[in-house]
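Step one of this worksheet: look at the structure below.
This is a predicted model, so every value here is computed, not measured. By convention in this document, chain letters (A, B, ...) are assigned in the order of the sequence lines, proteins followed by strands, and residues within each chain are numbered from 1.
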There are 2 protein chains.
Amino acid sequence: MQSTDRPQFEIDEADIPAGCKACGARQFGICSALKASELTHFSTVTRRRKIVHGETISFEDDEVVDYANIVSGAVKLTKLLSDGRQQIVGLQFAPEFIGKPFSEKVSISVEAATDVEICVFPKTELENMLKQQPDFEHRLLEQTLIQLDDARTWMVTLGRKTAQEKVASFLLLLADHIGKPAPDNPTDSEFMLPLKRADIADFLGLTLETVSRQMTKLRKMGAIDIRKNLEVTVHDTDRLIAISGGD
Amino acid sequence: MQSTDRPQFEIDEADIPAGCKACGARQFGICSALKASELTHFSTVTRRRKIVHGETISFEDDEVVDYANIVSGAVKLTKLLSDGRQQIVGLQFAPEFIGKPFSEKVSISVEAATDVEICVFPKTELENMLKQQPDFEHRLLEQTLIQLDDARTWMVTLGRKTAQEKVASFLLLLADHIGKPAPDNPTDSEFMLPLKRADIADFLGLTLETVSRQMTKLRKMGAIDIRKNLEVTVHDTDRLIAISGGD
DNA sequence: CGCGAAATTGACTATATTCAAAGCTAGTGG
DNA sequence: CCACTAGCTTTGAATATAGTCAATTTCGCG
């Protein structure tokens, strides 16, 4: 975006650990609360991990041993009913934080929806950092409040919207997080679906057949286009918002 | 519960502000993070407010001016769709915290489900306290994490459970929060419904007729008893858990 | 007792699910 | 390069679950 190579934060930039330089969490995630020196310390206890699409990062009721920031990709948070019914309770993208601090057990499975890169740090390290750095805890509280808001917004979708509205809401959510302007028509938004139909169904509280039917309907209405089952173009965002029932 | 009058916290108890003495928030809410002296200061800027059943405490998209702890009663958090469809996204009981720190606008309406008493404090006071007292912020983070967990648990109910399971889950939630052992049969749990059928429907993502039918069914199955439309007795909690689809 | 609000019950309908079959798509090996 | 396969997706027909509309009953309260 800038024509010069001048760094944006001239004072700090040189001291930023190499691994953190390109990491979104440093600018927008919880690490933004850390000073260069703290970040340097922190970076000695973190490690990068690549996770392929479909792999589970942590299981429901596993013991909590680690936390992580998402560096790239998307993860899905799922909850299970005892008879196997499943609900995806959240999608998270870079540079969001994964993990539930201060609890012994997690009640959620975290699975890589796309190929994912995460920056992992041990439970004790994070908890120390939280104790020593009120700013850090503050940043985490802010992120948690956003997640709470997202969860409650999605509850309206789950409880009160029709299948058509749910699918439209889902596509808008993705356009918002990972959509890019289409090269040929910049008012269109393009993205790759990070979830297959069955997962979309688990996110929307529908069956995969219903999701498929509604996608087809939206396509025939001209609101969207889908190629190769997962390349989506949103032609008319306002129209899709109207279809989604708003919020 | 205790036969002697000896206070539980001998050192502090004498210094606790009178209004805080019987308040659940002091023991279990965010105020538990405050020392006696801090509590004394804090209590000078708080005020008690009684709100009758049905009254709205703050409207969706109102500006945030206050926060509060619930001293007694239950409040419902609701979200609206533009065409009027409504979803209750949370029920809160004493001594929980109400309000969304650090944001200019709230995206939720807060309404008294029963007659409610709250302890109100100005936005700036709370935010100062949070800055000065990391423990206080920590306690708020913990409560927020619990609310996030509750919200996600409820998402499973909304997205994946049948009407019957939803109603059973709702009754179990209430038994858990406000249920008391029945005088005649202590294995039974009794409580008053804080919501009318239309509200229960908005909480469960159903219509009021469906809620009514499922209540009748549960009554005929012998799992519960309802008198005067709002006095509920749960006869067999395990049975109700089985019906609820577990979690 | 009588009124208004809320809850129940009934009959019918709509929406999404279920079960089943056929069509794509991407990847593999001949 | 094409055929073959495995996994997903789409489509169709029949069904079930919850929603809608309407009538009746119960409850709370003056």
Aromatic plane relationship, B/Phe170 with B/Phe203 - under 30° parallel, 30 to 60° tilted, over 60° perpendicular: perpendicular

Is any NZ, NE, NH1 or NH2 atom of the basic residue among [X] and [Y] found under 4.0 Å from an Asp or Glu carboxylate oxygen of the other?
X        : Y        : value
A/Lys76  : A/Asp202 : no
B/Arg227 : B/Glu231 : yes
A/Arg160 : B/Asp83  : no

Within the distance-only criterion (no hydrogens, no angle test), does the side chain of B/Lys79 pair as donor or acceptor with the backbone N or O of A/Thr153 below 3.5 angstrom? no

OP1, OP2 of [N] versus side-chain N and O of [X]: anything below 4.0 Å?
X        : N      : value
B/Lys228 : D/dC27 : no
A/Thr216 : D/dT11 : yes
A/Arg197 : D/dT9  : yes
A/Thr210 : C/dA16 : no

Distances for protein N/O vs nucleotides 21-26 of chain D N/O pairs under 3.5 angstrom?
unit_1	atom_1	unit_2	atom_2	d
D/dC21	N4	B/Glu209	OE2	3.1

Whole-Å distance separating the [atom1] atom of [X] from the [atom2] atom of [N]:
X        : N      : atom1 : atom2 : result
B/Leu193 : D/dG28 : CG    : C1'   : 16 Å
B/Ile226 : D/dC27 : CD1   : P     : 12 Å
B/Leu206 : D/dT17 : CG    : C1'   : 11 Å
B/Arg219 : C/dT9  : CZ    : C1'   : 12 Å
A/Arg85  : D/dT17 : CZ    : C1'   : 13 Å
B/Leu204 : D/dA18 : CG    : C1'   : 13 Å
A/Lys196 : C/dC24 : NZ    : C1'   : 16 Å
A/Leu208 : C/dA16 : CG    : C1'   : 13 Å

Residue among B/Leu218, B/Asp225, B/Leu193 satisfying side chain to side chain contact (heavy atoms under 4.5 Å, CB included) with B/Val232: B/Leu193

How do A/Arg227 and B/Val211 order along DNA chain C: which one's closest nucleotide is nearer the 5' end?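 Nearest nucleotide further toward 5': that of B/Val211.
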
With distance as the sole criterion, is a donor-acceptor pair present between the side chains of B/Asp115 and B/His53 under 3.5 Å? no

